[in-house]
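So the structure is just underneath, and the comments pick up after that.
Count residues from 1 along the sequence. Bear in mind that the values here come from a model prediction, so they are computed numbers and not experimental data.
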Amino acid sequence: MGSQVSTLGDVYSYGVLLLELLTGKRPTDDLFKDGFNHHDYVKIALPQLWKIVDPLLLRREAENYQSEIVQEEEGEDKMNQHLLALFTIGLSCSSQVPGERMEIKDVVNELTKIKSGFFPDFYYG
């Protein structure tokens with residue numbers, strides 16, 4: 001955008017990529033025109049995650065949560081929490097104001113927490 005190069009630009013790109021992955025929508029989708037973008041789309045729809053998340057992602061994740069240990073309701077709630085956390089990271093990283101974006105070290109910390117929630121017995125060292 002004509003300003004100095006910084007890691008915040010990379011964080012922005014990561015945020016947009018994360019939102020693309022979660023929604024299954026490309027930046028060239030007909031939905032995104034006249035300045036309306038992934039960030040706006042997710043921010044508006046966030047209270048209703050299930051309407052914007054890529055259905056293929058849900059199907060794969062639902063299969064991962066099918067186990068004898070985790071009951072279906074707990075699995076859905078857990079998945080919802082993790083998806084919300086991922087969307088929140090994507091929104092923060094893709095903020096139009098660079099100073100409002102998460103620092104990459106904080107992104108990594110949050111992603112590690114989310115990952116450990118999926119696989120609590122796995123060591124991350």
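Contact record, V42 with L19: CG2-CD2, 3.9 Å, taken as the closest heavy-atom pair. Smallest separation of non-hydrogen atoms from F36 and L31: CD2-O, 3.5 Å. Nearest heavy-atom pair, G35 versus D40, reported as atom, atom and distance to 0.1 Å: O-OD2, 3.4 Å.
Going from atom SG of C93 over to atom CD of E100 covers 12.5 Å, rounded to the nearest 0.5 Å. Taking NE2 from H38 and CZ from R26, the interatomic distance works out to 10.5 Å, rounded to the nearest 0.5 Å. To the nearest 0.5 Å, the span separating CG on L84 from CG on L49 amounts to 5.5 Å. Once rounded to the nearest 0.5 Å, the distance linking NE2 of H82 with CG of L86 reads 8.5 Å. In this structure, R101 CZ and Q96 CD are separated by 7.0 Å, a value rounded to the nearest 0.5 Å. Note that CE of M102 and OG of S94 are 11.5 Å apart. Values are rounded to the nearest 0.5 Å.
Contact annotation: the side chain of Y41 never approaches that of D29 to less than 4.5 Å [non-hydrogen atoms, C-beta and beyond].
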Task: Full working for side chain to side chain contact (heavy atoms under 4.5 Å, CB included) between D10 and I104 - done: CA-CA 9 Å; D10 293 336; I104 196 64; over 6 Å; no
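L83 and L17 sit in two unconnected hydrophobic clusters of ILVMFWY residues. Membership requires side-chain heavy atoms under 4.5 Å apart, directly or through other members. W50 is not connected to L21 by any chain of hydrophobic side-chain contacts under 4.5 Å among Ile, Leu, Val, Met, Phe, Trp and Tyr, and they are in different clusters.
S116 places a side-chain N or O within donor-acceptor distance of the main-chain N or O of K113, the cut-off being under 3.5 Å.
Remark: L18 engages Y14, L22, I89 in a side chain to side chain contact (heavy atoms under 4.5 Å, CB included) (not counting sequence neighbours).
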